[in-house]
Engineer: 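Just dropping this structure here.
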There are 2 protein chains.
Amino acid sequence: MRAGREPSRDGALNLNDAPPRQSAPSAADLQAVLSLPENQALAVSIASRLRDALLAGYFGPGEQLREEPLARSMGVSRGPVREALLRLEREGLVVVRRNRGAFVARLSAQDLEEVYTLRVAIECLAVRRVVRLATDAELDALQAVVDQMAAADARGVTEQEAAELDLRFHDLVYLASQHRRLNESWGNLRPQAHILLLNRNVAREDFREFLVQGHQWIVDAVRDRDEDRAVATIEDHLRGSYERVAAGLDLRAGRTAGEGADGGR
Amino acid sequence: MRAGREPSRDGALNLNDAPPRQSAPSAADLQAVLSLPENQALAVSIASRLRDALLAGYFGPGEQLREEPLARSMGVSRGPVREALLRLEREGLVVVRRNRGAFVARLSAQDLEEVYTLRVAIECLAVRRVVRLATDAELDALQAVVDQMAAADARGVTEQEAAELDLRFHDLVYLASQHRRLNESWGNLRPQAHILLLNRNVAREDFREFLVQGHQWIVDAVRDRDEDRAVATIEDHLRGSYERVAAGLDLRAGRTAGEGADGGR
DNA sequence: CAGTTGCTGATTGTTAGCAATCATCGACCA
DNA sequence: TGGTCGATGATTGCTAACAATCAGCAACTG
């Protein structure tokens with residue numbers, strides 16, 4: 001496992017490439033384009049790549065993530081890798097034990113319950129603000145994601161695709177809430193929610209209704225500026241998501257029962 | 001340089017001292033005593049000391065925190081200081097700008113609003129769980145803090161004392177909620193709440209009623225296992241706290257209007 | 001033979017030093 | 001004389017090497 005040879009070095013260092021030509025850049029676009037590459041520190045980039053790898057299931061649950069091999073495979077030193085692992089720790093993707101190292105986190109049923117109860121708490125606040133603050137453009141963006149869901153669902157959707165569209169919708173909700181700390185909280189919870197979402201069973205018959213219709217109802221409530229309905233709708237939606245993930249997790253737990261690899265917290 | 005002999009190092013490293021003799025240590029006590037020193041990494045210890053310094057107002061708002069002077073004054077190298085500053089960043093006490101350094105955060109009126117709206121969201125979830133889960137011992141601990149508030153208030157209380165007792169009460173609430181992620185969220189919000197609490201005006205006539213009686217009502221509602229009342233009570237309590245802090249912040253902003261200078265502590 | 005004790009290899013925690021980046025300030029030019 | 005551009009000093013970002021710590025294993029002892 002874990003074939004060490006990978007051309008990953010380029011992936012980390014292409015951040016310094018010159019920005020591509022723009023035909024007619026506005027002042028704002030130019031500002032964004034020019035500030036993008038430099039805004040990405042090495043540690044952030046590494047954290048991002050490790051996060052992707054973890055979400056893709058490249059590392060097994062409970063597996064130890066040693067700093068030196070990771071640093072070598074990415075062509076950097078241990079410093080930024082260390083910082084990246086600390087970031088992933090606060091995102092709940094890894095568990096760091098003093099003098100022991102970082103391990104891929106295992107999400108138990110209790111973790112699932114914690115993630116979703118906390119998510120309900122902060123996301124209700126988010127939608128409440130969105131109902132009051134959302135612009136038409138933001139509403140259109142939400143609707144666009146729902147449309148993408150419908151299109152993806154029509155041609156058949158994978159767990160991964162469904163999870164990403166789902167998360168993208170909720171990203172927009174938090175963004176429109178205009179609340180920095182709320183966005184940060186979501187940023188810390190999001191990767192765990194992502195992992196959990198991959199356990200849903202998209203093959204279930206009512207999945208289309210849940211995914212597409214469920215989000216559509218939220219958009220409708222927000223568009224109608226009906227705060228109470230929006231909150232109730234998102235509560236129901238998250239409860240439904242929770243139950244589907246729990247069902248999927250039980251299935252998977254049953255399938256891999258007695259696996260019991262090391263590293264469990 | 002590492003001259004070896006320097007007294008400042010002791011402050012950080014006296015964790016390795018042999019544990020003092022215990023006359024009749026129980027197994028649990030022994031376990032606690034022996035595991036305590038090693039659980040504290042250097043970066044954590046430094047973050048703690050810097051946090052205390054920031055809360056004590058030792059650094060002025062907007063002042064830059066350079067890594068090398070901090071490291072020298074603490075007798076360590078820049079590495080752990082750097083990690084400590086990142087911790088303080090996620091606690092909202094400092095702002096780190098790439099290639100620019102760390103600066104003491106300034107809390108605006110919008111920050112105040114964000115901290116309190118987020119706090120209401122997560123603390124309502126916390127009390128809801130506490131109502132269902134709290135043991136008699138935890139209820140007694142909450143009551144004990146309220147009693148301490150009454151005693152402190154009777155002999156006259158400073159802003160600092162009031163803030164610490166206030167925070168201690170809410171710490172216990174989160175602890176009793178039995179929700180790891182909720183406790184982490186509170187841990188990230190707590191230092192900002194602490195700073196804001198120092199702006200309350202404890203001299204106001206109704207402060208005793210607010211501090212002592214307000215928390216007593218919460219304990220009562222929890223003891224009666226009345227979930228809805230407990231949530232409503234804590235919502236009111238936090239709203240009251242918000243208004244007092246906002247009033248104090250306005251006062252202070254008025255007094256120091258046009259200050260705006262960075263740097264000088 | 002069970003339990004404990006002292007080694008050993010590997011991994012993290014920490015340190016010191018080098019390179020890249022940014023703000024500041026002075027020189028140059030229209 | 002006002003404004004822009006290029007040097008300069010300071011500070012962060014990163015690297016590589018050193019020291020402390022821990023799990024595992026073998027030898028020892030009762």
Side-chain angles (χ1 to χ4, degrees), chain A residues 2 9 12-13 15-18 34-47 49 62-89 94-104 261-265, chain B residues 1-4 6 8-18 34-49 62-89 94-104 262-263:
Chain A
R2 192 77 345 87
R9 180 162 198 153
L13 298 182
L15 309 162
N16 294 333
D17 290 349
L34 292 182
S35 64
L36 248 172
E38 68 177 294
N39 269 354
Q40 198 132 342
L42 203 45
V44 174
S45 162
I46 290 171
R49 287 209 282 160
E63 181 174 348
Q64 182 170 7
L65 301 175
R66 291 188 220 89
E67 295 175 0
E68 197 269 340
L70 286 176
R72 278 197 348 134
S73 75
M74 294 190 177
V76 298
S77 83
R78 277 177 50 215
V81 172
R82 194 177 169 75
E83 188 181 327
L85 288 173
L86 287 178
R87 282 173 188 267
L88 295 179
E89 184 194 25
V94 309
V95 178
V96 176
R97 290 193 285 174
R98 177 167 165 73
N99 285 325
R100 300 282 300 280
F103 301 82
V104 179
D262 53 313
R265 67 156 155 97
Chain B
M1 30 191 68
R2 184 74 320 113
E6 59 187 3
S8 58
R9 183 162 197 157
D10 293 337
L13 297 184
N14 60 4
L15 312 160
N16 293 334
D17 291 348
L34 293 182
S35 64
L36 247 172
E38 68 177 296
N39 273 352
Q40 198 133 341
L42 201 46
V44 174
S45 164
I46 290 171
S48 181
R49 287 207 279 162
E63 181 174 349
Q64 181 170 9
L65 301 174
R66 293 188 215 86
E67 296 175 358
E68 196 269 341
L70 286 175
R72 278 200 344 139
S73 74
M74 293 189 178
V76 298
S77 83
R78 277 177 49 213
V81 171
R82 194 177 169 75
E83 187 181 327
L85 288 174
L86 287 177
R87 283 173 187 267
L88 295 179
E89 183 193 25
V94 307
V95 178
V96 176
R97 289 193 286 174
R98 176 166 166 75
N99 285 324
R100 301 281 300 277
F103 301 83
V104 178
D262 51 325

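Chain letters run A, B, ... following the sequence lines, proteins first, then strands; residues in each count from 1.
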Engineer: Mind calculating the distance between CD (Gln64(A)) and P (dA23(D)) to the nearest angstrom?
Structural biologist: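 For the pair Gln64(A) CD and dA23(D) P, the rounded distance is 11 Å.
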Engineer: Are any of Arg82(B)'s side-chain N or O atoms less than 4.0 Å away from OP1 or OP2 of dG13(D)?
Structural biologist: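 Looking at the OP1 and OP2 atoms of dG13(D), one of them is under 4.0 Å from a side-chain N or O of Arg82(B).
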Engineer: Hey, what do you get for CD (Gln64(B)) to CZ (Arg97(B)), rounding to the nearest 0.5 Å?
Structural biologist: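 The distance works out to 8.5 Å.
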Engineer: Quick one: label Leu65(A) by what it contacts on the DNA or RNA (base, sugar-phosphate, nothing), any heavy atom closer than 4.0 Å.
Structural biologist: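 Leu65(A): backbone/sugar contact only, no base atoms under 4.0 Å.
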Engineer: Side chain of Arg78(A): nearest nucleotide among dC14(D), dA17(D), dT21(C)?
Structural biologist: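 For the Arg78(A) side chain, the nearest candidate turns out to be dA17(D).
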Engineer: Enter the distance from Ser45(B):OG to Met74(B):CE here, rounded to the nearest 0.5 Å.
Structural biologist: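 The OG atom of Ser45(B) sits 8.0 Å away from the CE atom of Met74(B).
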Engineer: Working to the nearest 0.5 Å, report the span between OG of Ser73(B) and CD of Glu68(B).
Structural biologist: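 Here the interatomic distance stands at 9.5 Å.
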Engineer: Expressed as a whole number of angstroms, how long is the span from Glu83(A):CD to dT12(C):C1'?
Structural biologist: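 Distance, rounded to whole Å: 17 Å.
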Engineer: Rounded to whole angstrom units, what separation is found between the CZ atom of Arg98(A) and the P atom of dA23(D)?
Structural biologist: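 Spelled out: CZ on Arg98(A) to P on dA23(D) is 12 Å.
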Engineer: When you measure from the side-chain N and O atoms of Arg100(A) to the phosphate of dA23(D), is any distance below 4.0 Å, counting only OP1 and OP2?
Structural biologist: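 So the side-chain polar atoms of Arg100(A) do come within 4.0 Å of the phosphate oxygens OP1 or OP2 of dA23(D), strictly under.
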Engineer: Rounded off to whole Å, could you give me the CZ-to-C1' distance for the Arg66(A) and dT21(D) pair?
Structural biologist: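 Nearest whole value for this atom pair: 17 Å.
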Engineer: Please pick, from dG13(D), dC22(D), dT15(C), the nucleotide with the shortest atom-to-atom distance to any side-chain atom of Asn99(A).
Structural biologist: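 The answer is dC22(D).
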Engineer: Which residue is it: Leu65(B), Ile46(B), Leu86(B), Leu42(B)? I am looking for the one with a side-chain contact (heavy atoms from CB on, under 4.5 Å) to Val81(B).
Structural biologist: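 It is Ile46(B); the other options fail the test.
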Engineer: Leu70(B) CG to dT12(D) P: how many Å, rounded?
Structural biologist: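 Whole-Å distance recorded here is 9 Å.
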Engineer: Nearest 0.5 angstrom please: Ser48(B) OG to Arg87(B) CZ, how far?
Structural biologist: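 Here the rounded value is 10.5 Å.
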Engineer: More 5' along DNA chain D: Pro80(A) or Glu68(B), using each one's nearest nucleotide?
Structural biologist: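 That would be Glu68(B).
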Engineer: Which one, dT15(C), dT15(D), dG13(C), comes nearest to the side chain of Glu67(A)?
Structural biologist: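 Of dT15(C), dT15(D), dG13(C), dG13(C) is nearest to the side chain of Glu67(A).
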Engineer: Tell me which nucleotide among dT12(D), dT12(C), dT15(D) gets nearest to the side chain of Val76(A).
Structural biologist: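 The answer is dT15(D), which lies nearest to the side chain.
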Engineer: Please report, rounded to the nearest Å, how far the C1' atom of dT15(D) is from the CD1 atom of Ile46(A).
Structural biologist: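 Result: 12 Å.
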Engineer: By the 4.0 Å heavy-atom rule, please label Gly101(A) as base, sugar-phosphate, or nothing.
Structural biologist: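 The residue Gly101(A) makes sugar-phosphate contact but no base contact.
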